[in-house]
Amino acid sequence: MFPNSPGLGLSPQPYSQQQCRNLLTKLPVGLPPELLNPEQLLQAHINLQKNANHSRMLVNGNVLSVPPVTSPPWSYGNHNPLSSPGFSFQNRKRRSDERNVPYDVKRQRFHSPQQNTLIHQAVPLRDDHRFSFPGSLAFPLLQTPTTQNLNGRNSSGDSWLFDHVNTTLPVAKDKLSQQILDLFQACQQQVCDLQKKDICRAELQREIQQMFPQSRLYLVGSSLNGFGSRSSDADLCLVLKDEPMNQKTEARHILGLLQKHFHNRLSYIERPQLIRAKVPIVKFRDKVSGVEFDLNVNNVVGIRNTFLLRTYAHLENRIQPLVLVVKKWASYNGINDASRGTLSSYTLVLMVLHYLQTLPEPILPSLQKNYPECFNPTMQLHLVHQAPRNIPQYFSKNETSLGDLLVGFFKYFAVEFDWKKSIISVRESKAIPRTDGLEWRNKFICVEEPFDRTTLQELFRKQKFDTIKAEFLKGWVRLRDNKDLNSVMPLRGMLKNQ
């Protein structure tokens with residue numbers, strides 16, 4: 001735990017340091033140490049941490065008594081978010097009332113905090129009284145010394161993370177293009193939004209490293225790839241080892257441990273839920289920042305994708321506004337929710353990039369083709385964020401306005417793209433033909449994952465596919481005829497609510 005974690009419940013009868021350590025080696029009769037239950041290890045480690053605060057310490061031969069340290073609820077460190085401008089928790093229910101609030105996520109099961117977690121012998125392993133993994137490495141990305149900001153709370157010391165990229169916005173020469181720019185400027189993620197997310201990431205990393213010392217917690221997804229909005233959730237990837245992890249066994253077990261720990265020990269974490277999806281996650285809300293988080297374990301392809309998309313985002317100044325307006329449109333029209341059988345935000349981003357790559361005069365190249373050394377799928381993780389820095393800005397001869405590009409995007413996927421025979425591939429910068437392999441069979445929408453080349457978007461229900469195509473067709477016709485963003489979404493309302 002970081003020193004001022006609330007809600008630890010310190011023991012009134014402190015053990016000695018040796019007694020605390022004995023908790024870690026006390027086993028049932030006849031049970032060898034190597035078969036120690038990982039949850040026993042976790043609880044023993046927590047006991048060691050909390051009782052150490054009351055243990056006597058020898059300093060230069062003198063006995064020093066260490067008093068317990070407490071902090072106000074809904075805080076990390078010494079900071080109380082209730083006293084900070086911008087954070088409001090008025091009319092909030094008590095935590096006890098929130099424990100059973102379910103997430104309305106279709107076809108996904110939640111792991112309740114009271115259920116027993118199935119123990120998987122492969123994880124975690126005992127090492128110096130804490131969890132560790134064979135082959136685990138230290139990854140320095142986003143892990144430099146912390147700095148103080150935002151009312152004294154800690155954030156990572158990676159100043160590049162918050163650097164504003166000086167990209168001049170395109171000039172709007174028509175009404176629709178201006179509307180797209182207005183929406184983008186009102187809704188795009190700000191540096192302060194990113195800082196809030198990274199502060200929580202840094203605090204959680206300190207907490208998790210008490211359990212998994214070699215672990216690293218990465219901020220990934222739209223928060224970091226340049227396509228986030230002010231209302232975007234945050235994605236976190238916990239990396240424990242530099243080799244693939246079984247998502248159904250190891251990852252799910254570790255997330256179960258973390259969910260219980262968040263629920264029982266961290267008062268600033270609200271409603272942690274384990275979602276058993278293809279890539280399992282723990283979903284929770286940070287009370288301090290008000291941000292919703294999704295935490296996965298060892299889904300490292302997400303880290304690589306984050307920096308691939310980040311490079312695309314800053315390659316040409318029409319890309320970010322176009323992606324943001326497409327995501328807002330899809331969300332408003334109910335086709336931006338992968339858990340309900342429609343399109344994920346990541347899929348929508350790749351669809352926009354693919355469209356811009358396939359124009360008669362392309363606006364985007366394939367970065368993986370042109371700069372293979374910068375996007376090598378085997379590159380060590382601590383180098384991933386550095387490789388794209390020297391890629392120059394791309395200058396296309398295509399000067400199509402934002403408004404016309406948006407109309408063309410809807411038309412392309414409404415009537416031009418062959419969904420039955422083609423796969424969307426940003427890696428190849430073109431539509432590639434489907435094969436007869438199981439990976440692509442019986443799926444109405446096929447989008448290739450740029451690094452591992454698997455199916456990113458799996459859509460099996462024809463009803464959902466028909467709904468998505470109908471929205472694209474409706475969007476194309478309305479924008480073509482009206483040239484007004486209000487014809488496909490309530491622009492005035494969206495601008496007013498920012």
Side-chain angles (χ1 to χ4, degrees), residues 164-194 222-223 225-232 309-336 343 345 348-364 393-416 471-498:
H164 176 71
V165 179
N166 292 319
T167 302
T168 303
L169 291 176
V171 176
K173 298 181 180 180
D174 57 82
K175 177 182 177 180
L176 181 56
S177 297
Q178 187 60 56
Q179 289 175 324
I180 295 172
L181 288 179
D182 290 343
L183 184 64
F184 173 69
Q185 291 177 302
C187 298
Q188 67 172 322
Q189 179 178 261
Q190 304 297 313
V191 171
C192 62
D193 302 319
L194 181 56
S222 62
S223 299
N225 65 21
F227 297 115
S229 66
R230 302 216 66 181
S231 59
S232 293
L309 264 59
R310 184 181 175 90
T311 310
Y312 274 119
H314 300 297
L315 204 61
E316 218 276 348
N317 63 3
R318 287 169 286 185
I319 299 169
Q320 288 178 289
L322 193 61
V323 167
L324 187 140
V325 73
V326 167
K327 289 171 65 175
K328 289 291 185 181
W329 163 82
S331 179
Y332 174 74
N333 288 283
I335 59 169
N336 182 205
L343 303 172
S345 294
L348 287 166
V349 173
L350 293 181
M351 290 173 70
V352 174
L353 298 181
H354 167 78
Y355 163 68
L356 297 176
Q357 290 174 327
T358 56
L359 292 169
E361 184 62 54
I363 289 179
L364 286 178
Q393 189 170 2
Y394 184 76
F395 295 97
S396 171
K397 296 178 181 179
N398 188 324
E399 298 182 354
T400 305
S401 69
L402 274 172
D404 287 341
L405 286 175
L406 182 60
V407 175
F409 170 79
F410 287 131
K411 180 182 179 182
Y412 178 74
F413 288 109
V415 298
E416 295 178 358
E471 289 298 335
F472 273 94
L473 182 61
K474 183 168 63 175
W476 169 49
V477 171
R478 289 183 177 180
L479 284 180
R480 180 196 64 189
D481 295 344
N482 299 295
K483 300 292 185 180
D484 186 346
L485 205 54
N486 286 292
S487 64
V488 295
M489 68 176 79
L491 177 61
R492 298 181 186 90
M494 290 180 175
L495 293 175
K496 185 178 180 180
N497 292 332
Q498 294 302 314

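Along the sequence shown, residues are numbered consecutively beginning with 1.
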Nearest heavy-atom approach of Glu316 to Leu364 is CB-CD2, 4.3 Å
With sequence neighbours left out, the residues meeting side-chain contact (heavy atoms from CB on, under 4.5 Å) with Pro490 are Tyr332, Met494
The side chain to side chain donor-acceptor pair (under 3.5 Å) partners of Gln190 (sequence neighbours excluded) come to none
For Leu181 and Ala172 the tightest heavy-atom approach is CD1-CB, 3.7 Å
Hits for side-chain contact (heavy atoms from CB on, under 4.5 Å) against Asn225, two or more places apart or cross-chain, chain-then-number order -> Ser222, Phe227, Thr306, Leu309
* To do: Taking the side chain as every heavy atom from C-beta outward, state whether Ile363 and Arg318 have any pair of such atoms under 4.5 Å apart.
  => yes
Sorted by chain and number, sequence neighbours left out, side chain to side chain donor-acceptor pair (under 3.5 Å) with Asp193 holds for Arg230
The side chain to side chain donor-acceptor pair (under 3.5 Å) partners of Tyr312 (sequence neighbours excluded) come to Gln357
Hey, mind stepping through Ile319 and Leu353 against side chain to side chain contact (heavy atoms under 4.5 Å, CB included) and telling me if it holds? CA-CA 8 Å; Ile319 299 169; Leu353 298 181; 3.9 Å; yes
Validation: residues 404-416 side-chain donor-acceptor distances under 3.5 Å, sequence neighbours left out:
from	atom 1	to	atom 2	distance (Å)
Asp404	OD2	Ser401	OG	3.4
Tyr412	OH	His354	NE2	2.8

Any side-chain donor near an acceptor of the partner, Ser396 and Asn398, under 3.5 Å: no
d(Asn486 CG, Arg492 CZ) to nearest 0.5 Å is 4.0 Å
Any chance CD of Glu361 has more than 12 other-residue heavy atoms, nucleotides or ligands included, within less than 6.0 Å?
yes
Check: Ser177 side chain, Asp174 main-chain N or O, donor-acceptor pair, under 3.5 Å: no
Separation between CG (Leu343) and CD (Glu471), nearest 0.5 Å, reads 11.0 Å
Applying side-chain contact (heavy atoms from CB on, under 4.5 Å) to Phe184 and not counting sequence neighbours gives Leu169, Gln188, Gln320, Pro321, Leu324
(message) Could you check whether Gln178 and Asp182, counting side-chain N and O atoms only, form a donor-acceptor pair closer than 3.5 Å?
(response) yes
In terms of heavy-atom contacts, Leu402 and Pro170 come closest through CD1-CG, 3.7 Å
Output for pair (Leu322 CG, Asn317 CG), nearest 0.5 Å, gives 11.5 Å
Contacts of Ser232 meeting side chain to side chain donor-acceptor pair (under 3.5 Å) (sequence neighbours excluded), chain-then-number -> Ser229
Nearest heavy-atom approach of Ala186 to Leu495 is CB-CD2, 3.6 Å
Asn336 and Lys327 have their tightest heavy-atom pair at OD1-O, 3.9 Å
Closest non-hydrogen atoms of Leu348 and Ala330, given as atom of the first, atom of the second and distance, are CD1-CB, 3.5 Å
* Any side-chain heavy atom of Gln393 within less than 4.5 Å of one from Leu315? -> no
side-chain contact (heavy atoms from CB on, under 4.5 Å) filter on Asn482, not counting sequence neighbours, yields Arg478, Asp484, Ser487
